[in-house]
**Q** 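My structure is below; once you've seen it, I'll send some questions.
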Amino acid sequence: MTGIAGKALTEAISTFLFVFSIIGAVNSGSPLTPLAIGLALGVLVYAAGHISGAHLNPAVSFGVLLRGGISVVDFVAYIVAQFIGGALAALVSFVVWPHAEKATKISVGPAFLVEALFTLVLVWVVLNVATSKDNDNNSFYGLAIGGTVFVGATAVGGISGGGFNPAVALGLSISGQFDWANLWLYIVAPLVGAAVAALLFRVLSSNDAKASA
């Protein structure tokens, strides 16, 4: 399967695997949960990057759109696929793990700030290591992207739950880790962070021609 259909299917499958891995890592109660999440993203980025760019995140796709790396049509297809993948992962997770008893408690102001800030960092890293012509064919992009999520989950996971990804937030809302009433925050804050990251990239890499992601 080629073209946008193949890319969208790749995004759906990869996002499914990522969200399922997150739910499993969270349910494990392991102190290595942030590392497991970061590694899961890293390996999936390496696996799918050559097909779709391995965004696995509507905020990343939004940043790549603003950077000029994908078309509006591709953007819509990507985010639909990502949300479907995240939702299906949560539904399938009920075969293995029960619905969470309690959702993560957050304070809206600090949670919004850290979700926006660390999504900014994530998208800025993606744009620089995976879409910049200066880093074409590099071998470190998956490690850099997964490492960013590991740092974010470790640093501020206790403040916001460490979403940084609207598709992940949807999945975790379905599985019970996130409160449905807070879903707007996990969508709006990452999009704000992604927009700022794209602006920074365009300002700081003005000589970088448009590239496909």
Side-chain angles (χ1 to χ4, degrees), residues 11 14-26 33-45 48 53-67 78-79 82-83 85-87 89-90 103-131 141-175 177-179 182-201 213:
E11 286 292 307
S14 301
T15 306
F16 174 94
L17 295 172
F18 183 42
V19 174
F20 191 85
S21 298
I22 291 172
I23 294 172
V26 170
T33 292
L35 179 60
I37 293 171
L39 286 174
L41 179 58
V43 298
L44 288 168
V45 166
H55 298 178
L56 284 61
N57 183 338
V60 169
S61 295
F62 185 53
V64 176
L65 172 70
L66 297 180
R67 173 259 191 276
Y78 272 42
I79 63 172
Q82 291 155 0
F83 278 122
T104 301
K105 298 292 184 182
I106 64 169
S107 177
V108 171
F112 191 100
L113 175 62
V114 299
E115 285 290 312
L117 181 59
F118 275 89
T119 306
L120 185 162
V121 176
L122 173 61
V123 175
W124 196 53
V125 168
V126 170
L127 295 179
N128 279 285
V129 304
T131 78
Y141 64 100
L143 180 60
I145 294 167
T148 303
V149 169
F150 167 53
V151 171
T154 301
V156 301
I159 297 173
S160 69
F164 323 133
N165 183 331
V168 167
L170 175 61
L172 293 182
S173 296
I174 293 172
S175 63
Q177 277 82 17
F178 285 177
D179 190 328
N182 296 324
L183 182 58
W184 69 270
L185 183 152
Y186 294 106
I187 294 175
V188 176
L191 294 180
V192 170
V196 175
L199 176 62
L200 290 174
F201 179 84

**Q** So, taking the atom named CG in Asn57 and the one named OG1 in Thr119, what distance separates them when rounded to the nearest 0.5 Å?
**A**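 Reported to 0.5 Å precision, the distance equals 7.0 Å.
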**Q** Please find the pair of heavy atoms, one from Pro34 and one from Ala153, that lie closest to each other, and give the distance.
**A**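 In this case the closest contact between Pro34 and Ala153 is CB-CB, 3.8 Å.
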**Q** Main chain of Gln177, side chain of Thr104: is a donor-acceptor contact present, judged purely on distance under 3.5 Å?
**A**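 Pair found, side chain donor or acceptor close to backbone of Gln177.
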**Q** Mind checking the CG-CD1 spacing from Leu183 to Ile174? Nearest 0.5 Å is all I need.
**A**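 It is 9.0 Å, given to the nearest 0.5 Å.
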**Q** With a 4.5 Å cut-off on side-chain heavy atoms, are Tyr186 and Leu172 touching?
**A**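 With C-beta onward as the side chain, the pair stays apart.
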**Q** Please confirm whether the backbone N or O of Ala25 pairs with a side-chain atom of Thr33, one donor and one acceptor, at under 3.5 Å?
**A**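 Pair found, side chain donor or acceptor close to backbone of Ala25.
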**Q** What's the spacing between Phe118 CZ and Leu113 CG if we round to 0.5 Å?
**A**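 Phe118 CZ to Leu113 CG: 9.5 Å, rounded to 0.5 Å.
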**Q** Please answer whether the main-chain N or O of His55 pairs with a side-chain N or O of Glu11 as donor and acceptor at a distance below 3.5 Å.
**A**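 Side chain of Glu11 to backbone of His55, a donor-acceptor pair under 3.5 Å: yes, one is there.
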**Q** Give me the one residue out of Leu122, Leu56, Val123, Leu44 that meets side-chain contact (heavy atoms from CB on, under 4.5 Å) with Ile145.
**A**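 Testing each of Leu122, Leu56, Val123, Leu44 against Ile145, the sole residue satisfying side-chain contact (heavy atoms from CB on, under 4.5 Å) is Leu122.
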**Q** May I have all residue pairs that pass side chain to side chain donor-acceptor pair (under 3.5 Å) and include part of residues 106-116, sequence neighbours excluded?
**A**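 Checked against side chain to side chain donor-acceptor pair (under 3.5 Å) - neighbours excluded - the pairs reaching residues 106-116 are Glu115-Ser160.
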**Q** For Gly142 and Val45, work out which heavy atoms get closest and say how close.
**A**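 Here Gly142 and Val45 meet closest at CA-CG1, 3.8 Å.
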**Q** Tell me the closest heavy-atom pair linking Trp124 and Phe201, and the distance in Å.
**A**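 That would be NE1-N, 4.0 Å.
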**Q** Would you compute the distance between atom CG of Leu120 and atom CZ of Phe164 and round it to the nearest 0.5 angstrom?
**A**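 The distance works out to 12.0 Å.
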